[in-house]
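We count residues from 1, following the sequence as given.
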Amino acid sequence: MSTIYIVEDDRNISEIESFSLKNSGYDVAVYENAGSFYAALQDKIPNLILLDIMLPDEDGLTIVEKLRADPLTKKTPIILVTAKTTEMDKVKGLDIGADDYLTKPFGVMELISRVKALLRRSGEDKGDKCLSIGKILLDSERHAVYVDNKHCELTYKEYELLKMLMLHAGIVTSRDEILNRVWGMDFQGESRTLDMHIKTLRQKLGDAGSMIKTVRNVGYILDNVSE
């Protein structure tokens with residue numbers, strides 16, 4: 001399992017990042033400042049660092065420079081996260097050694113995709129093969145879903161729909177985003193298609209299907225918290 005350190009002082013953002021990455025199979029630790037982050041590095045070097053530029057005690061760009069100067073972290077993948085949007089900010093971050101760049105606000109799917117891509121490039125990807133929430137296990141290598149250790153036969157769209165909901169676990173996903181991601185940006189069908197797939201997916205998942213909840217006038221959420 002790949003370990004990811006999140007260095008972010010905004011708890012709302014770090015909680016979303018942490019929750020999404022954990023549900024994607026990664027071991028995650030969150031640090032609100034440079035000091036606690038440096039202390040953690042003394043115990044363990046992570047497989048990837050998600051680093052905010054604007055921190056209370058030290059600028060993220062300075063942290064990148066220090067990490068690249070240290071033989072122990074010289075090759076550790078780094079994704080910079082910042083509210084800054086100018087091209088020069090991005091160029092500077094990449095020039096001093098960051099591997100990728102995310103500008104706030106960003107979507108959960110984009111975050112997960114960039115993390116996976118960077119870990120693949122660095123040869124560190126060990127944590128994205130399985131997703132597990134409650135009684136549901138999704139195995140990407142086998143393209144299979146198991147509920148309470150029993151195989152659950154799903155269609156291709158049902159599988160992709162479940163995978164997206166699991167990647168967004170605990171976060172409401174809009175109907176439009178689901179349709180665009182699962183059916184394609186140019187999807188012209190009726191939204192009733194999504195409702196029918198949700199219905200059959202719930203049925204096939206049995207008791208675990210109750211984790212897929214409807215958020216009226218918004219979309220759907222997969223949540224392991226009982227109502």
Residue pair Ser2, Leu48: steps toward the side chain to side chain contact (heavy atoms under 4.5 Å, CB included) verdict: CA-CA 8 Å; Ser2 295; Leu48 182 143; over 6 Å; no
Nearest heavy atoms of Ser18 and Val30, plus distance in Å: CB-CG2, 3.9 Å
Same apolar cluster (I L V M F W Y, side chains within < 4.5 Å links), Leu102/Leu118: yes
Donor on one side chain, acceptor on other, Tyr159 and Glu153, under 3.5 Å: no
Exceeds 12 heavy-atom contacts within 6.0 angstrom, atom NZ of Lys135: no
Under-4.0 Å salt bridge between Asp27 and Lys22: no
Minimal non-hydrogen separation, Ser210 against Asp207, with atom names: OG-O, 2.8 Å
Cluster link Leu162 to Met164, ILVMFWY, side chain under 4.5 Å: yes
Pairwise distance CZ(Arg192) to NZ(Lys199) - rounded to 0.5 angstrom: 7.0 Å
Distance (rounded to the nearest 0.5 Å) between Lys66 NZ and Leu41 CG: 11.5 Å
Asp99/Arg68 salt bridge by N-O under 4.0 Å criterion: yes
Least distance between heavy atoms, Ala208 atom then Ile136 atom: CB-CG1, 3.8 Å
Ser140 OG to Lys163 NZ distance, which is reported to the nearest 0.5 Å: 3.5 Å
Side-chain touch Ile212/Leu165, heavy atoms, less than 4.5 angstrom: yes
Sidechain N-carboxylate O distance under 4.0 Å for Lys213, Asp223: no
Smallest separation among heavy atoms of Glu8 and Ile13, with atom names: OE1-CG2, 3.9 Å
Heavy-atom closest contact (Gly60 atom, Leu51 atom, distance): O-CD2, 3.5 Å
Distance-only side-chain donor-acceptor flag, Lys44 / Thr3, under 3.5 Å: yes
In one Ile/Leu/Val/Met/Phe/Trp/Tyr side-chain cluster, 4.5 Å: Leu167, Phe106: yes
Cluster overlap Ile171 with Leu194, hydrophobic side-chain contacts below 4.5 Å: yes
Linked, directly or transitively: Val218 and Val182 (ILVMFWY side chains, under 4.5 Å): no
Donor-acceptor pair between Arg202 and Thr214 side chains, under 3.5 angstrom: yes
Any donor-acceptor pair under 3.5 Å from His197 side chain to Thr193 backbone: yes
Side-chain heavy-atom pair Ile79, Ile49 within 4.5 angstrom cut-off: no
Value rounded to 0.5 Å, distance of SG in Cys152 from CD in Glu158: 8.0 Å
Donor-acceptor pair, side chain of Thr200 and main chain of Met196, under 3.5 angstrom: yes
Ion pair check, Glu17 and Arg11, cut-off under 4.0 Å: no
Side chain to side chain contact (heavy atoms under 4.5 Å, CB included) assessment of Asp52 paired with Lys104: CA-CA 10 Å; Asp52 184 29; Lys104 302 175 187 176; 3.3 Å; yes
Ionic contact status for Asp195 with Arg175, cut-off 4.0 Å: yes
Side chain to side chain, Leu201 and Tyr220, heavy atoms closer than 4.5 Å: no
Closest non-hydrogen atom pair between Ile133 and Leu222, with its separation: CG2-CD2, 3.8 Å
Those residues that, when tested against Asn33, pass side-chain contact (heavy atoms from CB on, under 4.5 Å) (two or more places apart): Ser36, Pro56, Asp57
Within-4.5 Å side-chain heavy-atom neighbours: Thr155 and Lys204: yes
Sidechain-backbone polar pair: Ser174 side chain, Glu177 backbone, donor-acceptor under 3.5 Å: yes
Asp95, CG: over 12 other non-hydrogen atoms inside 6.0 angstrom: yes
Approximate separation, where rounding is to 0.5 Å, of Leu154 CG and Glu160 CD: 10.5 Å
Tyr101 side chain near Thr82 side chain, heavy-atom distance below 4.5 Å: yes
Sole candidate of Leu80, Leu61, Ile78 that passes side-chain contact (heavy atoms from CB on, under 4.5 Å) when paired with Ile96: Leu61
Backbone of Thr76 reached by a side-chain donor or acceptor of Thr73 within 3.5 Å: no
Derivation of the side chain to side chain contact (heavy atoms under 4.5 Å, CB included) call for Asn47 and Tyr26: CA-CA 10 Å; Asn47 301 100; Tyr26 299 106; over 6 Å; no
Working for side chain to side chain contact (heavy atoms under 4.5 Å, CB included), residues Leu50 and Leu111: CA-CA 10 Å; Leu50 200 60; Leu111 167 65; 3.8 Å; yes
Tyr5: partners by ring pair (Phe, Tyr, Trp, His ring centres under 6.0 Å), with sequence neighbours left out: Tyr31
Phe19 and its side-chain contact (heavy atoms from CB on, under 4.5 Å) partner, picked from Asn23, Ile16, Leu21: Asn23
Spacing of CD belonging to Glu110 relative to OG1 belonging to Thr103, to within rounding of 0.5 Å: 8.0 Å
